[in-house]
Amino acid sequence: MSQRNVIRVSELAIAISLFEVGSTTLFFIGGEAKQDAWLAMLVGALAGLFLLLMHLSIHHQEPHLDLFLLFRRYMGKYVGTFVNLLFVGYFSYESSRNLRDFGEITVMTLLNRTSLWIIMLIVILVVSNSMRYGHIVMFRICVIFFPIMLVSYILISILIPVTGLFHFEFMLPVLESGWKPVLDAALPEIVSFPFGQTILFLVFYPHVRTGKGLNKAVITCYVITALALTFINQLNIFVLGPKIALYSTLPLLETVQLIDLAEVFERMDALFTMLLFLGLGVKMGAFFNGAIIGLEKITGIAYKKWVVPVAILIYGLAFLSPNYTHHIVIGRQLVLNYLFPVFQIVLPLLLFIIILIRKRKKRTNRSASEKT
Amino acid sequence: MLKYWIKNVLKPSKGSKQDAVKSKHQALNEPINASLASTLSTLKKKLGQSPDFTIRDFSDDPEHAGLLAVCYIEGLIDPGLLSDLIESLVKEIAHTPSDRLEEHLAASLIKQTLPLGNIKRIDSQNQIYQAVLKGSAVILIDGLQSALTVSIAGGVRRAVEEPTSQGVVRGPKEGFTEDISTNITLIRRKLRTPDLKFDSHIIGQYSQTVVIVTYIEGIADPGVVQEITKRLQAIDTDSILESGYIEEFIQDAPLTPFPTMLNSERPDTVAGSLLDGQVAVMVDGTPFVLIAPVTFYNFFQISEDYYQRYDISSFLRMIRLISFLVSLLLPSLFIALTTFHQEMIPTILLVTLAAQREGVPFPALLEALMMELTFEVIREAGVRMPRAIGPAISIVGALVIGQAAVEAGLVSGAMVIVVSFTAISNFVIPYISMATAVRLLRFVLMLLAGTLGLFGIMAGIVPILAHLLSLKSFGVDYLMPYSPMYKSNMKDLLIRVPWWAMKTRPNIKSGSNKSRQAPHQYPTGSNNIARRADEPEPKA
């Protein structure tokens, strides 16, 4: 592999961070736990961390194989290809959900009179144009966006307390009704979204420049991002209180709208929407890329030829729900609990166990043959 | 799709290319006729009609008549050198017996007699034309199947003057000229090292333009030099009249608004780039020298940055980058905010803006497009018009674009401010090739902003970014030190660190020799002197 197609560890770390932020800030996560959403987030993040560790150890077992090749190697040609197709479908679906979110937010906040399909068409065109250049450009775009996102979120976190919107008492009492609602909220919803989605990066780990520090960088970055997300999620509680936060469509947007600094920086929500766009675009692009790479690995047809078909597929999938409420109910209640865990937990775990068993068998075989 | 079309439709058919190559070969191979008379008659037939082509055959000298001739083109040679040449030729002939003139004369002329250097022996008819057209005198001797060329090029040249397009306040004031040998000298005077190489190529079937690849051996990346040479040799066209031709033939991405080669008419800029490990391509007939490989940020670094104090240089560099963004985005942001996102504008300002726009019949997009196009027209007129009527244009421009348009209710006052500030920001970008890229993209972004607001701007910027990230200039990523990140190259990017801290060259562009200076170059200050002052004066 040429130097050119190698992802740097720093680029990967930044991409994981942006990917995790992604569409997470759109929603208020862990609403069932009310003011204890932060505990639910932390529990979810911890569970996600275990998943991430599992992904990394799968990667270290076979550092040259990506997600798709791993399944084919360890589950046989037919079952492996079938699972690969499922994953391509999963990635495309995740991507299409982001596309729909993108379109709906735009219609809700910026362009009330433009039709959804036009906006989604433009978005899919822009994103697939960026995908055309391959995964390396996607990672570098993340590097460009990263400072913007970082500065903006830090700015939001500073401006909210400065302008007197911060109400610490909203998050009291802690654990009002015990751990049960917290755990209910965290498992498996928060694991499935956003933390378990890191399964996607099993596609990219083999492209990362080899060397030490991959684990450290990925885990550090994951932990910091998870903590930051927890804080930003909790901002909704601090500003809006648990009730409004739970029932608001775009809670963080509402929070940001309240910022008013010296009558000059008011109504920053349009800019904040741009920020949401960046996150959504990155996440959508990453899943898009994963789906294309999957199809390339399954069929052997070149990467570039899959861009348009996958774009059409994602665009079509984005119209599955008749309206936004339906979209949200499906997305935040059904698939999170029943569908996504299959891809994020069950299948990787299965793979991990198979790898371990095979390796052990090989080792015992080898030691047996050495003895004789 | 576009690429495919360009490849298939715009590329010439293979047959015509082969024919051209074949005829070229035939002409090259034609040997020189041993008989002077026949050679001269062929020459006359080919070149003799032009009034500036001269043949001196010494027909007055009874002993040597018909044995020797010198031919040259009047305007391309230096008359002083020519008279030296003729004088020594006459002397030489007088000493030589006429029967063994041929070989003896040629040998002695080459070896010693002529007071000039750069004498060559040539064997083919075609080389005679080339030599004559390049400004050499060709000495033809009867009975010899070869000829001698003596380079006495001269003629009218522009003097070295201050560059018109890339001025500085502090720094050398000399600029390149149209003459390539002068340009070589200008670079040589700055870099007196034997490692400075000049590789010469001749490109263009009709123009026979001299194109020279310049680099410092050991500092430039040999791979890049090789690649540039390879691409130059692949050019087969009728003429190269300016370095822009070369740029379009050899750049990495044929379809991009962004320049992937830098052009400069300043010898100090070129010398600095060579020291950074870049390679320069000089073209005869133009003062603009190409530099490659370049990154996006190179277009915001000018030579004066390195002559001024580093703090102000860093500040100015940031100003330039911000101006780039302003020039790209300001009109579209203004359109987007006033049309779609009025809530983001502070209320009092919004009221003022609304009051200004009260009498304006057009939507903001149309207003902005009109103003921008008007400005482009005035700008183009300013470049093309005869110098004498310059003031007229600027008065009309100021009145039309400014006051009158507002008073007539065609545009709002705020729009005039936005457009003129955009225009001024565009002039801050030091290299015109980058500034023009922005000019074009600005219109695209304005259209997007006028139809889709901030969302549209976003939809315009992301493809530009993706394009920039995938763009390469001779193997170097266009956004190089930032993405992919190279920390060691960052010290000459947004900020320009002091010279004593600039220890290495930009490492991706350069070859093996990375270190720019010895360590510990930090100025020691005046401690030593101060201590001397504190010491008691020695007693007499």
Side-chain angles (χ1 to χ4, degrees), chain A residues 3-4 6-8 10-11 14 102-103 105-107 109-114 118-119 121-134 136-147 209 257 260-275 277-278 281-282 285, chain B residues 1-4 223 252-253 256 296 325 329 333 336-351 444 447-472 475-487 494 508:
Chain A
Q3 185 74 15
R4 196 134 293 151
V6 175
I7 303 166
R8 294 165 165 222
S10 59
E11 286 170 351
I14 285 174
F102 208 129
I105 301 178
T106 316
V107 172
T109 57
L110 296 183
L111 301 169
N112 315 30
R113 279 172 296 174
T114 316
I118 292 184
I119 289 168
L121 186 67
I122 291 169
V123 173
I124 194 78
L125 280 177
V126 167
V127 174
S128 48
N129 171 63
S130 315
M131 289 303 111
R132 198 159 63 88
Y133 301 110
I136 198 79
V137 165
M138 190 195 79
F139 277 89
R140 298 214 172 131
I141 286 186
C142 292
V143 177
I144 302 264
F145 287 166
F146 182 66
R209 183 179 290 174
Q257 265 176 13
D260 177 3
L261 187 69
E263 304 252 311
V264 180
F265 292 102
E266 48 179 346
R267 297 297 307 270
M268 285 296 110
D269 44 321
L271 284 183
F272 179 71
T273 318
M274 297 286 113
L275 212 57
F277 284 171
L278 290 188
V282 165
Chain B
M1 191 58 110
L2 195 54
K3 257 185 208 162
Y4 176 83
D252 280 53
T256 173
F296 178 75
L325 289 180
L329 289 173
L333 279 178
L337 288 192
T338 49
T339 324
F340 290 91
H341 316 289
Q342 294 94 343
E343 76 274 7
M344 281 178 67
I345 306 173
T347 320
I348 299 168
L349 181 59
L350 186 64
V351 170
V444 180
L447 285 175
L448 283 169
T451 47
L452 294 162
L454 281 179
F455 175 79
I457 296 181
M458 198 72 168
I461 288 178
V462 171
I464 294 175
L465 257 183
H467 172 73
L468 279 176
L469 282 166
S470 68
L471 201 58
K472 291 198 168 59
V476 175
D477 287 286
Y478 202 51
L479 294 183
M480 190 260 295
Y482 181 68
S483 165
M485 182 90 76
Y486 291 95
K487 273 193 207 109
L494 274 182
I508 289 308

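Chain identifiers are assigned alphabetically (A, B, ...) following the order of the sequence lines, protein sequences preceding nucleic acid strands; residue numbering begins at 1 within each chain. Values below: every heavy atom of this structure, side chains too, minus hydrogens, waters and symmetry copies.
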Quick one: CD1 on Ile144(A) to CG on Leu469(B), what's the gap to the nearest 0.5 Å? 5.0 Å

Tell me, out of Leu337(B), Val462(B), Leu452(B), who's got the most heavy-atom pairs with chain A below 4.5 Å. Leu452(B)

Let me know if Phe146(A) has heavy atoms under 4.5 Å from chain B in its side chain, its backbone, both or neither. neither

Kindly compute the distance separating CE (Met344(B)) from CG (Leu271(A)), expressed to the nearest 0.5 Å. 3.5 Å

A side-chain contact here means heavy atoms from C-beta on lying under 4.5 Å apart; do Thr273(A) and Leu454(B) qualify? no

In terms of heavy-atom contacts, Tyr482(B) and Val143(A) come closest through OH-O, 3.1 Å

Within the 4.5 Å heavy-atom criterion, are Phe340(B) and Asn112(A) side-chain neighbours or not? no

State, to 0.1 Å, how close Ser470(B) and Val137(A) come at their nearest heavy-atom pair, and which atoms those are. CB-CG2, 3.9 Å

Go through Val123(A), Val127(A), Ile119(A), Leu125(A) and name the one with the most non-hydrogen pairs under 4.5 angstrom from chain B. Ile119(A)

Under 4.5 Å from a heavy atom of chain B, the part of Phe145(A) involved: side chain

Report which part of Ile118(A) has an atom under 4.5 Å of a heavy atom belonging to chain B: side chain, backbone, both, or neither. neither

Leu111(A), part contacting chain B, at a heavy-atom distance under 4.5 Å: side chain

Contacting region of Ser130(A) [heavy-atom separation from chain B under 4.5 Å]: both

Largest heavy-atom contact set with chain B, pairs under 4.5 Å, which of Asp269(A), Asn129(A), Ile122(A): Ile122(A)

Smallest separation among heavy atoms of Met274(A) and Met458(B), with atom names: O-CE, 3.6 Å

Under the rule for ring pair (Phe, Tyr, Trp, His ring centres under 6.0 Å), what residues qualify as partners of Tyr133(A), not counting sequence neighbours? none

Side-chain contact, heavy-atom cut-off 4.5 Å: Phe455(B) with Thr114(A)? no

Engaged part of Leu479(B) at the chain A interface, taking heavy atoms whose separation is under 4.5 Å: side chain

